Every structure is written in structure tokens, then in C-alpha cells.
Amino acid sequence: MSLKKTLADVLAKAVPGEEVTVAGWVRAFRNQRFIALNDGSTAENLQLVVDPEKLDENLLKQIGFHACVRARGKLVESPAAGQKYELQVEEVEVLGDNPLSEYPLQPKRMTMEFLREHAAFRLRTQTLSSVFRLRHGLGYAIHRYFHENHFYYLHTPIITGSDAEGAGEMFRVTTLDLNDPPRTEDGAVDWKQDFFGHPTNLTVSGQLQAETGALALGRVYTFGPTFRAEKSNTPRHLAEFWMIEPEAAFFDLKDDMDLAEDFLKYLIRYALENYERDLNFLDKRLEQEERNKKKEERRPMGLLETLNFVLEHPFERITYTEAIRLLQGSKPYKKGRFQFPVEWGKDLQAEHERWLVEKKFGRPVIVCDYPKDIKAFYMRLNDDGKTVAAMDVLFPGIGEVIGGSQREERYDLLQQRMMEMNIPQEEMQWYLDLRKFGGAPHAGFGLGFERLVQFVSGMSNIRDVIAFPRYPGHAEF
RNA sequence: GCCUCCAUAGCUCAGUUGGUUAGAGCGGCGGACUGUUAAUCCGUAGGUCCCAGGUUCAAGUCCUGGUGGGGGCGCCA
């Protein structure tokens, strides 16, 4: 049995003289003779050559931008520049007419903001289709990398009974009637009558559950949707995004950093090797976009150049304490250009991270060993008693792509941190028990999938690397 | 949540110190075209100048409020 061929199949194994049938959407129809056809399987179009005199006039009129057509004909070497092969059409059929006077898209450059308002159609554009093929490829490479390295894919819950993950505001999940919820005697909402018998939320992280996997299967990862009800209006945040969270037993912080760097480089290399055509298109697109910007706002390198540069150079690794020292010796610090204070104990702000990544080192930077008071309760306390074994991977342009840590595996110390940070112990007893019963040192991190796709595709807004973006005020479809 | 910039034709934009009938390119529609690559050429129709108030003899232009969008910051991935 063999499946119907896509355009990618046809073009990859083109045999001149072969008769093929193809179907797709019209990208352009020139001179009543040349149809640029694309079926989404590849960035490459197939040129169909029709003889207008042999075609019905009404049929000819229906062949226009983004109309869907099927054609049968003979594949031949193209006499003109621009494509290697073309299809000499013997028979053409319009599967889906496209009335252009009502169709919102146009065969010309459209802004990303405009396309966002037409999410049902925007995947048909060259830019978005390339982005989404790339997104798929990166998703596949993530599974492949973990599989090759003996990490098992663990599906952690999307509805969680815990609200102590501390990663941000949560979306409540309930079946109670919000207009008339059941009440207890003292007038409070009676959550016992809710579907699960207690309050539940959409997950903000699968990490805590993934740790149970790591302490059983050794190495696991999650890759699923994550929800944050933060009213973040930035080109780097979504209310619903996909996160990758590996968690590995017997890993310390250095192993965790090694994993992060090796993993990211593997993904970038995979994209460069397998999505050359899409990346070339996105590279040119970005170059054109950059031309409209002021010189000082332009990226120092093009897209392909950036990806190759990241592959070829080791990530710079520094401790938080070193980062503070470097920042305090920097020009913008001495001239008072930083908006936020730089002192030990205060979190690094975006402006500080950007200086480290873009000015000081000019490459990805991993900052580790942060003060314990600005990090989560589950991070392992270092021997100095002041810092924790945490690390952030910072990328040029988008900032933090990965946040991770070695987890606190010592029961007493974890319990103490939970008390200090007001984490309710009753709810989290299962998590503490992982330390009490056969515990092990372990570490992991979270990678924002859309931020990765943003980096590899060069798209400037995260809303354009997910098909149906969710952000404050927006949940269409 | 805070700070900024923007809103004129289907799209991208121009519109002078406030001045009488609001423009261009692209797209659409009609036509021409046997090698095009964002084809080209000719013709043509498109406007509640985001909404509501206000100032003025006069508002696309100035003021106030709202709505929508972009960017920056915070929260983070």
C-alpha cells in the first residue's frame, strides 16, 4: 500500500516524463498560463503550466489566489529559470473556488497584526506555513532527542489539584454554577460539591509530578500545554503555551546545564539540517523586516547566521554572584543607565540579562547559583547556605528560554524551605514523601516551546508561532 | 498592573500653520497578453477619516473620555 503523494514527495523524487496528480492552493496565477501551486507539505511551489485556449473560460476565471485546485499532467524539466521542474497540465479541476472580492487575504505582503485577525487563513501564507512546519519539526526533534537519551515521555495532568506550584496565577476549573454556587453554613463557596470535591486549576507546570517519574523511571520529560493567568502583554508571553520539562535522577546542576546546552544545540542543528528551505525563506523575510528598522535596533546577525553561531560556540556559564560583579563594573551601571538596581540579592532584570547576553558575551549565557530568597522552594540549597542550585539559560533577543534547578532532595531542608515560604505542607506531603522514601539527587528544567520556535524562526512576536494564541482578552475559535 | 506610540479605501500608507470636492501604491472588478517568477499594460469602482463628546466661522488635523492594535517594563517559559 502506498499513500497519496504530497507535493514534497513529488518534488523530492521528480522523474521527468512521469504523470502525476497534485492538489493544493494557488499562490499566484500569471499570464493565464502559470500557476504556482502549494499544498503545505513544503515551502517549495510546483509550477503548473496550462494552455488557456484548451480550458473552459469559466474554469479559468476560478483559478485565482488561494483557490484550491487539482491537476493531472506530465512532469517536465522547466525551460525557464526559477524552478527545476514544472507540470504540463492535461486536466485541471477547481476543488474550492475562492471569491476574491470577499477574501480577506491578498497576494502581497501582509502585516503579522493583520494576519492575526484572520487566524483561520493565516497558515496559508508562506511565512506562517514555514513557521508551523518548523514548529512541527522541533516538536519531533524534542521527542527524538529524549528518546535517544533514555528519557521517557510522561503525561502529567492538565487539571491539577495543587495550587502550590508557585509559578504564577492559575485558571480555576469548576463545574459549579458561578451565578449560584452551593454554600456552606458560614456562607463560603462549598467546594466539596464541585466535580472533584475540592478546588482545581489548569496546570502551570508539570515539574512536581515529573519528579515522581524521575524517581521511578530515572529520566522522564513532559511536553504539554501549560496555563498562566498572568495579564502579561508582551511579545514573549502567552496564557496558554507548551512547555518541555525534563527531570532526571542522579543529575546535579552541572549535568542539568549540560543537558540544557546539548538539547538546545541538538534542536537547532536538527532544524538547520531538515528545514533548510523554510529557514532560508524566514531568513530572507527577517532581513527585509530588519531593513525597516533603525540601525541601533537591528539584530547584529541574520537568522541563519545566529543559529550557526549558537551551534559553534559554547554557552557562557557564570554564577549569579559573578554576574552581579560584572554588571557593577559595566558602562551602563557606572553611567546610571540601568533603570533597576544591581546588588546582590536582587533579581536580574531584563535590561541586565540583555547586557550580559548581547553586550558582554554576545552568545547564550547560563546564569546559576541564585540567592535562595528570589527562587522557588524546591531548589537545592548550596553549601554556602545563601544560594540555590538554580540556572537560567538566556538567549539573545528573547531572554530566558530555560529555567531549571537541582531539586532539594533532603527532607528536613525541603520542609524548612516550605515553612519559610508558606507552602501548605498537607497538600504537598506526597512531594515530601518522595524524599523520605528512596529519594535521590535529581534535577530538571522547563523550556518554553514557543520561545524556542520564536528563536529558531526569527519571529518577533510569540503570538505568531502558535496557531491559536491565547492572551489577555483573546480566546477566539 | 504601569509607561509609551498608533488608528484615514480590502491592505500599506501620505494628507502642510485647522480651510471648502480626502490622495497614492498594492489588492478587487472589467479587458489585453504564448515563458511568467510579488508578471506586465489599459480601464474602473471603493471612504461614517475607530467611537462619543468638546473648542472653532471652519476639525482627518486641536482637546477630553472610551475602544482596538503595536512596543517597553513587571510576572515568567
Side-chain angles (χ1 to χ4, degrees), chain A residues 27-37 44-54 61 64-66 76 78-83 86 88 98-118 125-126 165-169 204-207 225-245 260 288 292-293 297 338-340 347-354 374-376 392-395 398-404 445-455 460-466 471-474:
Chain A
R27 283 268 167 86
F29 186 28
R30 289 179 287 270
N31 213 354
Q32 290 186 294
R33 185 162 291 270
F34 307 103
I35 300 169
L37 192 78
E44 202 177 356
N45 297 332
L46 176 65
Q47 172 156 284
L48 311 185
V49 186
V50 298
D51 186 343
E53 279 161 31
K54 288 186 187 164
K61 275 185 182 166
F65 180 64
H66 283 185
V76 298
S78 179
Q83 60 281 312
E86 63 186 26
Q88 277 180 347
N98 194 31
L100 289 175
S101 53
E102 297 164 49
Y103 188 57
L105 304 198
Q106 301 180 6
K108 56 181 280 194
R109 177 168 278 268
M110 291 166 284
T111 60
M112 287 299 135
E113 293 78 25
F114 172 73
L115 288 171
R116 238 169 265 155
E117 289 170 20
H118 301 284
T125 63
Q126 282 194 80
E165 287 150 9
E169 288 295 310
V204 292
S205 161
Q207 180 205 313
T226 310
F227 308 86
R228 305 268 166 98
E230 304 283 352
K231 289 201 169 164
S232 302
N233 266 304
T234 86
R236 295 176 303 281
H237 290 84
L238 290 165
E240 177 182 302
F241 64 100
W242 286 62
M243 188 152 64
I244 298 107
E245 294 175 288
Q288 277 179 19
N292 301 327
K293 286 189 187 163
E297 286 168 13
F338 285 135
Q339 199 193 328
F340 292 89
D347 209 355
L348 298 180
Q349 302 296 318
E351 59 180 358
H352 308 139
E353 296 179 349
R354 262 208 314 277
I374 57 172
K375 288 290 178 185
D392 284 355
V393 181
L394 311 176
F395 264 26
I398 43 178
E400 187 179 342
V401 284
I402 280 180
F445 62 75
L447 166 67
F449 186 48
E450 282 76 15
R451 287 190 183 170
L452 172 75
V453 180
Q454 237 189 312
F455 181 75
S460 51
N461 196 310
I462 200 165
R463 295 163 190 172
D464 302 321
V465 301
I466 186 165
Y471 52 103
H474 293 270

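Naming convention: chains lettered A, B, ... in sequence-line order (proteins, then strands); numbering from 1 in each chain. All of these numbers come straight from a predicted model, not from anything done at the bench.
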*A:Arg116: what forms a salt bridge (Lys or Arg N to Asp or Glu O under 4.0 Å) with it, not counting sequence neighbours?*
A:Asp464

*asked:* Run the salt bridge (Lys or Arg N to Asp or Glu O under 4.0 Å) test against A:Glu450 and tell me which residues pass, sequence neighbours left out.
replied: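 By the salt bridge (Lys or Arg N to Asp or Glu O under 4.0 Å) rule, A:Glu450 matches A:Arg135.
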
_Is there, by distance only and without an angle test, a donor paired with an acceptor across the side chain of A:Arg30 and the base of B:A38 below 3.5 Å?_
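A donor-acceptor contact between them is absent.
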
*Under 3.5 Å, is there an N or O donor on one side and an acceptor on the other linking the side chain of A:Gln32 and the base of B:C33?*
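Pair found.
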
Who are the ring-ring contact (aromatic ring centres under 6.0 Å, His included) partners of [X], not counting sequence neighbours?
{"X": "A:Tyr471", "value": "A:His474"}
{"X": "A:His237", "value": "none"}
{"X": "A:Phe445", "value": "none"}

What protein N or O atoms touch nucleotides 23-27 of chain B N or O atoms at under 3.5 angstrom, if any, and at what distances?
unit_1 : atom_1 : unit_2   : atom_2 : d
B:G25  : N2     : A:Lys108 : NZ     : 3.4
B:C26  : O2     : A:Lys108 : NZ     : 2.9

*Quick one: side chain to side chain donor-acceptor pair (under 3.5 Å) partners of A:Asn98, sequence neighbours excluded?*
none

*Distance check: side-chain N/O of A:Thr111 vs OP1/OP2 of B:U12, anything under 4.0 Å?*
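So the side-chain polar atoms of A:Thr111 do come within 4.0 Å of the phosphate oxygens OP1 or OP2 of B:U12, strictly under.
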
*Is the phosphate of B:G69, meaning OP1 or OP2, less than 4.0 Å from a side-chain N or O of A:His474?*
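Result: yes.
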
Taking any heavy-atom pair under 4.0 Å as a contact, classify [X]: base, sugar-phosphate, or nothing.
{"X": "A:Ala36", "answer": "nothing"}
{"X": "A:Met243", "answer": "sugar-phosphate"}
{"X": "A:Gln83", "answer": "base"}
{"X": "A:Glu86", "answer": "base"}

*With RNA chain B as reference, determine whether A:Ile462 or A:Gly82 sits nearer its 5' end, using the nearest nucleotide of each.*
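Looking at the nearest nucleotide for each, A:Gly82 comes out on the 5' side.
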
*Nearest nucleotide by nearest heavy atom, which residue falls closer to the 5' end of RNA chain B, A:Ser101 or A:Met110?*
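Counting from the 5' end, the first nearest nucleotide belongs to A:Met110.
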
What are the atom names and distances for every N/O pair under 3.5 Å that joins the protein to nucleotides 71-73 of chain B?
unit_1 : atom_1 : unit_2   : atom_2 : d
B:G71  : OP1    : A:Asn461 : ND2    : 3.1
B:G71  : OP2    : A:Asn461 : ND2    : 3.4
B:C73  : OP1    : A:Arg354 : NH1    : 2.9
B:C73  : OP2    : A:Arg236 : NH2    : 3.4

*asked:* As a test of your reading of the structure, name each stem of RNA chain B as range with range, where a stem is three or more consecutive Watson-Crick or G-U pairs at under 3.5 Å.
replied: B:1-7 with B:67-73, B:10-13 with B:23-26, B:28-32 with B:40-44, B:50-54 with B:62-66

*Going 5' to 3' along nucleotides 41-47 of chain B, which nucleotides have protein heavy atoms under 4.0 Å from the base (write B), which only from the sugar-phosphate (write S), and which from neither (write -)?*
-------

*For residues 231-242 of chain A, which residue pairs qualify under salt bridge (charged side-chain N to carboxylate O under 4.0 Å, His left out), counting only residues two or more places apart or in two chains?*
none

Let me check something: any side-chain donor-acceptor pairs from residues 105-114 of chain A under 3.5 Å, sequence neighbours excluded? List them with distances.
unit_1   : atom_1 : unit_2   : atom_2 : d
A:Arg109 : NH2    : A:Gln288 : OE1    : 2.8
A:Thr111 : OG1    : A:Phe114 : N      : 3.1

*Within this structure, what is the CG-to-P distance between A:Leu348 and B:G74, rounded to whole angstrom?*
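A:Leu348 atom CG is separated from B:G74 atom P by 11 Å.
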
*Can you check whether A:Phe34 stacks with the B:A39 base, using ring centres under 5.5 Å and planes within 30°?*
no

How far does the [atom1] atom of [N] sit from the matching atom of [M], given to the nearest Å?
{"N": "B:C2", "M": "B:A59", "atom1": "P", "answer": "35 Å"}
{"N": "B:U17", "M": "B:C62", "atom1": "C1'", "answer": "12 Å"}
{"N": "B:C49", "M": "B:U12", "atom1": "C1'", "answer": "16 Å"}

*For B:G46, measure the glycosidic angle (O4'-C1'-N9-C4 for a purine, O4'-C1'-N1-C2 for a pyrimidine) and name it syn if it falls within 90° of 0, otherwise anti.*
syn

